[in-house]
Amino acid sequence: HQRYSIRRTLMMQGYLNDDDLDDVEDIIQNRYIVLQKLMRGGMGTLYQSWDNNLHRMIAIKVVHKSQISAEILACRIQHKNIVTIYDAFEDKEKCYICMELIQGINLEHIVHKYTKIPWTDLRNYFLQMIQGLAFAHEKNIVHGDIKPGNFLLETSKILETQQIITNVKIIDFGLAVCLSDTKKGLQYATKEFASPEQLAGQPLTPASDIYSLGKTFLYLLTGKLFPASPMNLKKFISDSSPHQNPVPSSLYPMIEKMLQNEPLRRYKNAGQLQPEWENIIKTKDTQLPYWWMILPIVSSLTILPFLLPSPP
């Protein structure tokens with residue numbers, strides 16, 4: 001009765017849809033009240049739920065018991081760019097992961113809606129993506145399924161200044177593996193963004209995430225998947241985004257290093273990548289048209305006569 005009372009109130013306020021809840025329990029562990037199904041994927045089903053002890057809205061992911069050990073690893077990760085996991089437990093053949101409920105949209109959906117993400121926005125988003133992944137790598141955890149759909153863009157407003165704040169968060173550590181684990185890497189990974197060693201079923205390293213992050217960046221920037229076969233990176237970006245704001249020339253060698261087929265030739269982890277990205281987004285080299293280079297000369301020639309003394 002309590003569950004349906006809460007559902008009715010939230011539906012009247014426009015927060016819920018009248019969706020089917022399948023066979024999941026109405027109330028889990030006498031604490032979590034399941035309200036509605038948010039999405040179903042290869043790694044399980046996500047439900048919007050109410051924590052009746054702490055009186056807050058959360059998300060609960062229901063997965064098969066064989067996947068719970070990897071998810072529990074993520075409980076050790078507390079970072080502003082990673083979705084927080086509050087609790088994880090088992091019940092019969094199901095496992096439940098209680099996590100932060102984010103009001104936002106994933107980057108895959110943004111690309112579907114707007115074709116691509118402009119460089120002026122993406123440079124900040126990508127920095128946050130790197131920061132979250134660097135923290136996980138520092139904890140010896142590999143995500144294993146880096147792709148646009150596993151990054152959520154959360155927006156909020158500061159009431160005093162009306163400033164809009166955007167925050168990118170990494171979700172779905174369902175494939176996450178500890179570096180001391182001998183687990184193989186393929187499982188449910190998205191092949192379009194998976195590294196060569198992951199597709200070959202070899203053990204994962206942080207460099208595997210780096211490869212996937214490089215392909216994710218190109219997809220967000222251009223709206224197209226970078227081909228597996230060798231292709232000129234600069235041509236790919238310019239052909240895919242002819243009218244987009246130009247990107248720094250120093251970007252190309254960094255992305256090329258991320259996409260090396262051999263893991264040892266990539267960045268070792270996201271911590272190595274972060275300072276390079278910070279330098280890139282600070283650079284003034286954005287490949288401006290050549291006439292910007294001669295403008296100061298022209299301006300000085302125009303001003304020069306006025307600086308000369310008047311003839312007697």
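Just so you know, residue 1 is the first one in the sequence shown, and it goes up from there.
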Could you grab the distance from atom CZ of Phe89 to atom CD1 of Ile97, nearest 0.5 Å is fine?
9.0 Å
In Å and rounded to the nearest 0.5 Å, what is the CD1 to SG distance from Ile60 to Cys95?
13.0 Å
Can you check whether Ile171's main-chain N or O pairs, donor with acceptor, with His143's side chain at less than 3.5 Å?
yes
Any donor-acceptor N/O pair, Ser212 side chain to Phe193 backbone, under 3.5 Å:
yes
Could you tell me whether Lys224 atom NZ has more than 12 heavy atoms of other residues or ligands within 6.0 Å of it?
no
Lys NZ or Arg CZ of Arg40 over Tyr47 ring: under 6.0 Å, within 45°
no
Kindly indicate whether the side chain of Val83, heavy atoms from C-beta on, has any atom under 4.5 Å from the side chain of Ile102.
yes
pair Ile255-Phe217: side-chain heavy atoms closer than 4.5 Å:
yes
For Glu108 and Tyr219, test the side chains for any donor-to-acceptor distance below 3.5 angstrom and give the result as yes or no.
yes
Judged by atom type as modelled, is there a donor-acceptor pair below 3.5 Å linking the side chain of Lys215 to the main-chain atoms of Ala194?
no
In this structure, which one of Phe126, Tyr267, Tyr125 forms a ring-ring contact (aromatic ring centres under 6.0 Å, His included) with Trp277?
Phe126
Within the 4.5 Å heavy-atom criterion, are Thr205 and Ser208 side-chain neighbours or not?
yes
To the nearest 0.5 Å, what is the distance between NZ on Lys169 and CG on Asn106?
15.5 Å
Determine whether Leu273 and Lys268 make a side-chain contact, defined as any pair of heavy atoms from C-beta on separated by less than 4.5 Å.
no
With side chain to side chain contact (heavy atoms under 4.5 Å, CB included) as the criterion, how do Trp50 and Val34 come out once you've worked through the C-alpha distance, each side chain's angles and the decisive distance to 0.1 Å?
CA-CA 7 Å; Trp50 176 259; Val34 178; over 6 Å; no
Can you see which heavy atom on Asn269 is nearest to which on Gln272, and at what distance?
OD1-N, 3.0 Å
Does the Asn124 side chain pair with the main chain of Thr120, one donor and one acceptor, at a distance under 3.5 Å?
no
What are the two closest heavy atoms between His137 and Ile141, and how far apart are they?
CD2-O, 3.3 Å
In the structure I gave you, are the side-chain heavy atoms of Tyr96 and Asp87 within less than 4.5 Å of one another anywhere?
no
Within the 4.5 Å heavy-atom criterion, are Tyr86 and Asp51 side-chain neighbours or not?
no
Run the side chain to side chain contact (heavy atoms under 4.5 Å, CB included) check on Ile170 and Met129 step by step: do they pass?
CA-CA 7 Å; Ile170 308 174; Met129 294 159 69; 5.7 Å; no
Rounded to the nearest 0.5 angstrom, the CD1-CG distance for Ile110 and Asp121 is 9.0 Å
Are Ser195 and Glu197 linked by a side-chain donor-acceptor pair shorter than 3.5 Å?
yes
With no hydrogens and no angle check, is any side-chain donor or acceptor of Asp209 less than 3.5 Å from a backbone partner on Ala270?
no
Could you go through the side chain to side chain donor-acceptor pair (under 3.5 Å) check for Thr190 and Lys147 one step at a time?
CA-CA 7 Å; Thr190 307; Lys147 60 182 179 181; 2.9 Å; yes
Can you name the one residue among Glu154, Gln128, Lys80 that meets side chain to side chain contact (heavy atoms under 4.5 Å, CB included) with Val168?
Gln128
Using a 4.5 Å cut-off on heavy atoms from C-beta on, say whether the side chain of Gln78 contacts that of Thr84.
yes
Closest contact, heavy atoms only, Leu46 versus Ala59
CD1-CB, 3.9 Å
Using distance alone, with no hydrogens and no angle criterion, decide if Asn167 and Asn81 have a side-chain donor and acceptor under 3.5 Å apart.
yes
For Glu256 and Gln260, does a side-chain donor sit closer than 3.5 Å to a side-chain acceptor?
no
Under a 3.5 Å distance rule, please check whether Arg266 uses its side chain to pair with a backbone N or O of Asn261 as donor and acceptor.
yes
Does atom CG of Asn53 have more than 12 heavy-atom neighbours from other groups under 6.0 Å away?
yes
For Thr45, is there any backbone N or O sitting under 3.5 Å from a side-chain donor or acceptor partner on Lys61?
no
Can a donor-acceptor pair be found, under 3.5 Å and without considering hydrogens, that links the side chain of Gln198 to the backbone of Gly144?
yes
What distance do Met258 atom CE and Arg265 atom CZ have between them, rounded to the nearest 0.5 Å?
15.5 Å
Which heavy-atom pair separates Gly214 from Leu259 by the least distance, and what is that distance?
C-CD2, 3.9 Å
Nearest heavy-atom contact between Leu251 and Ile280 is CA-CD1, 3.9 Å
Closest heavy-atom pair and its distance - Met57, Ser49
SD-O, 3.3 Å
Measuring only between side-chain heavy atoms, which start at C-beta, is Leu127 closer than 4.5 Å to Glu278?
yes
Is the backbone N or O of Leu218 less than 3.5 Å from a side-chain atom of Thr222, with the two atoms forming a donor-acceptor pair by type?
yes
Between atom CG of Leu122 and atom CG of Leu220, what is the distance when rounded to the nearest 0.5 Å?
5.5 Å
